[in-house]
Number of protein chains: 2
Amino acid sequence: MKIGELAQRSGLTPSRIRFYERIGLLKAVDRKANGYRSYPAEAVTILGLIALAQGAGFSLDEIRALLPVDLEHWEHDALVGALTRKVADIETLQARLARSKAHLLHVIDEIEARPDDIDCATNARRVLTRLLGEDAEMPVASLRAKQF
Amino acid sequence: MKIGELAQRSGLTPSRIRFYERIGLLKAVDRKANGYRSYPAEAVTILGLIALAQGAGFSLDEIRALLPVDLEHWEHDALVGALTRKVADIETLQARLARSKAHLLHVIDEIEARPDDIDCATNARRVLTRLLGEDAEMPVASLRAKQF
DNA sequence: CTTGACCTTAAAGTTAACTTGAATGTCAGG
DNA sequence: CCTGACATTCAAGTTAACTTTAAGGTCAAG
């Protein structure tokens, strides 16, 4: 199978597949006489797995560390450990999202529940004071660094 | 107030504050005779707000579009609209995280619930087949693009 | 024998949100 | 007067995961 067909079948682009090879996520593959890459059917499975893992929040580095040389010989414990840690990561993010959401709803409330007897500017000051008095949240950047 | 003190009081770095000014998120501030930036007390509030909004998932572009020239004159409807949309974004992400988590737990289950009478390699094939038969999820990249 | 679809490489571009580095200026204290 | 802590600018580096571009081979079909 040439790279174009593999791309079709896996749903990735050829450039992405070459990129994965370049960074060592995919091992270098056989070449035909003309230099074209020639993939075994298994490659579709591997690319599918990579996409799946990415969808679950694994970085390419994490995936590289877990993907076995041979699809039938996984490092069982490392894999289960990584999966479990990823679940914990998701739970952390879920908690944070719930807080962010509650916070936003609260702000919307404060803005809209402006007493009729005060003007916008005063209300703005009131909302601002409450907001900045409240706890400042962890910046989102630290989360992006952790993969979501 | 010079930039160092503002940095102290807001918890941001001086380079970050200059960066915000460079990209037009902060309007250019007064300079002293020596060229040093001189901030009003209000600047602490503005930086606090920016950090807060970032923590809630707003990009700098979104924040720039919402931050008013004058802290007391917000574009009420645009603001509430943006906050509401952000809540919706969070809900989308929450749903996706819930699915990812369920998926991961399911995979862990499949791996560990290997019948005693089949070997690892066979189990690996079984798990793989099930996995790749299932729906492929949206890649995480498209989420990062949307701010989380 | 030429067109067009496909393949190859290496290098550079993309995005967001900053940081880091280099070169230089300012100012208060000892 | 010198030192050290601050300030300034501009350019370039960082990270992740790719894509895009440029310049060029390969190959089947008409």
Side-chain angles (χ1 to χ4, degrees), chain A residues 1-26 28-39 43 47 50-65 67 89 137-148, chain B residues 1-26 28-39 43 47 50-65 67 89 137-148:
Chain A
M1 196 188 336
K2 285 185 290 181
I3 201 171
E5 189 186 341
L6 176 59
Q8 276 281 312
R9 295 224 247 162
S10 64
L12 312 193
T13 59
S15 73
R16 193 166 161 191
I17 297 171
R18 290 195 199 97
F19 170 69
Y20 285 167
E21 181 181 321
R22 215 164 56 231
I23 65 171
L25 180 54
L26 265 38
V29 75
D30 289 347
R31 301 297 184 113
K32 297 229 180 86
N34 56 14
Y36 289 11
R37 289 172 179 80
S38 173
Y39 294 93
L47 290 181
I50 291 176
L52 197 64
Q54 268 191 300
F58 287 87
S59 68
L60 297 185
D61 273 357
E62 288 173 315
I63 296 172
R64 180 174 26 219
L67 258 194
D89 287 354
E137 286 199 44
M138 190 200 326
V140 123
S142 57
L143 280 166
R144 263 197 297 274
K146 285 195 158 204
Q147 249 354 269
F148 278 101
Chain B
M1 192 186 344
K2 285 183 291 181
I3 201 169
E5 189 188 341
L6 176 59
Q8 276 283 310
R9 295 225 247 159
S10 64
L12 313 193
T13 60
S15 72
R16 193 167 160 188
I17 297 171
R18 291 195 197 96
F19 169 70
Y20 284 168
E21 181 181 321
R22 218 165 53 233
I23 64 171
L25 181 53
L26 264 39
V29 77
D30 289 347
R31 302 298 185 112
K32 297 228 181 89
N34 55 14
Y36 289 12
R37 290 171 180 80
S38 175
Y39 294 93
L47 290 181
I50 292 175
L52 197 64
Q54 269 191 299
F58 287 87
S59 69
L60 297 186
D61 274 357
E62 288 173 316
I63 296 172
R64 179 172 30 217
L67 258 193
D89 287 355
E137 284 199 45
M138 192 197 328
V140 121
S142 57
L143 281 167
R144 261 195 301 270
K146 285 197 159 205
Q147 247 358 266
F148 280 99

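Numbered from 1 within each chain, the chains take letters A, B, ... in sequence-line order. If you're wondering where the values come from, they're calculated on a predicted model, not measured in any experiment.
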**Q** Describe the nucleic acid contact of A:Ile23 in one word from base, sugar-phosphate, nothing, applying a heavy-atom distance below 4.0 Å.
**A** nothing
**Q** When rounded to the nearest 0.5 angstrom, what is the spacing between CD1 in B:Ile23 and CZ in B:Arg64?
**A** 5.0 Å
**Q** Looking at B:Tyr20, does any N or O in its side chain come under 4.0 Å of the phosphate oxygens OP1/OP2 on C:dC18?
**A** yes
**Q** Give the rounded distance in Å between these two atoms: CG of A:Leu60 and P of D:dT19.
**A** 11 Å
**Q** Calculate the interatomic distance between A:Glu21 atom CD and C:dA10 atom P; express it in whole Å.
**A** 11 Å
**Q** Test A:Ser10 against A:Ile50 for side chain to side chain contact (heavy atoms under 4.5 Å, CB included), laying out the working first.
**A** CA-CA 10 Å; A:Ser10 64; A:Ile50 291 176; over 6 Å; no
**Q** What integer distance in Å separates A:Arg31:CZ from C:dC6:C1'?
**A** 14 Å
**Q** Can you find a heavy atom in the side chain of B:Gln54 that is under 4.5 Å from one in the side chain of B:Leu60?
**A** yes
**Q** Using the side-chain heavy atoms of B:Tyr36, tell me which of these nucleotides is nearest: C:dT26, D:dC18, C:dC6.
**A**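 So the nucleotide nearest the side chain must be C:dT26.
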**Q** As a test of reading the structure: which of D:dA7, D:dG25, C:dA17 is closest to the side chain of B:Ser59, going by heavy atoms?
**A** C:dA17
**Q** Would you please confirm or rule out a distance under 4.0 Å between OP1 or OP2 of C:dT26 and any side-chain N or O of B:Arg37?
**A** no
**Q** Would one find a side-chain N or O of A:Thr13 under 4.0 angstrom from OP1 or OP2 of D:dT19?
**A**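 Indeed, a polar side-chain atom of A:Thr13 lies that close.
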**Q** Roughly, in whole Å, what's the span from CG in A:Leu26 to P in D:dA17?
**A** 15 Å
**Q** How about A:Glu5: does its CD atom have over 12 heavy atoms from other parts shown lying under 6.0 Å from it?
**A** yes
**Q** If only side-chain N and O atoms of B:Gln8 are considered, is one of them under 4.0 Å from the OP1 or OP2 phosphate oxygen of D:dC6?
**A**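 False: B:Gln8 side-chain N/O out of range (4.0 Å or more) of D:dC6 OP1/OP2.
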**Q** Could you tell me the separation between the CZ atom of A:Arg18 and the P atom of C:dA11, rounded to a whole number of Å?
**A** 16 Å
**Q** Please work out if B:Arg22 contacts a base, only the sugar-phosphate, or nothing of the nucleic acid, heavy-atom cut-off 4.0 Å.
**A** base
**Q** Using heavy atoms to find the nearest nucleotide of DNA chain D for A:Ala33 and B:Gly35 separately, return the residue whose nucleotide is more 5′.
**A**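 Nearest nucleotide further toward 5': that of B:Gly35.
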**Q** Quick check on D:dC18: is either OP1 or OP2 less than 4.0 Å from any side-chain nitrogen or oxygen of A:Ser15?
**A**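 It does not, given that no N or O in the side chain of A:Ser15 lies less than 4.0 Å from OP1 or OP2 of D:dC18.
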**Q** How close or far is atom P of C:dA17 from atom CD of B:Gln54, stated in whole angstroms?
**A** 7 Å
**Q** Within less than 4.0 Å of OP1 or OP2 of C:dC27, is there a side-chain N or O belonging to B:Asn34?
**A**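 Yes, B:Asn34 has a side-chain N/O under 4.0 Å of OP1/OP2 on C:dC27.
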**Q** Between atom CD1 in B:Ile3 and atom P in C:dT26, what is the gap in whole Å?
**A**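 Answer to the nearest Å: 17 Å.
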**Q** I want to check one thing: is the phosphate of D:dT20, taken as OP1 and OP2, less than 4.0 Å away from some side-chain N or O of A:Arg16?
**A**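 Answer is no, no contact under 4.0 Å.
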**Q** With rounding to the nearest 0.5 Å, note down the distance linking CG in A:Leu47 to CZ in A:Arg16.
**A**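 A:Leu47 atom CG to A:Arg16 atom CZ measures 8.5 Å (nearest 0.5 Å).
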**Q** Rounded to whole angstrom units, what separation is found between the CD1 atom of A:Ile17 and the P atom of D:dC18?
**A** 11 Å
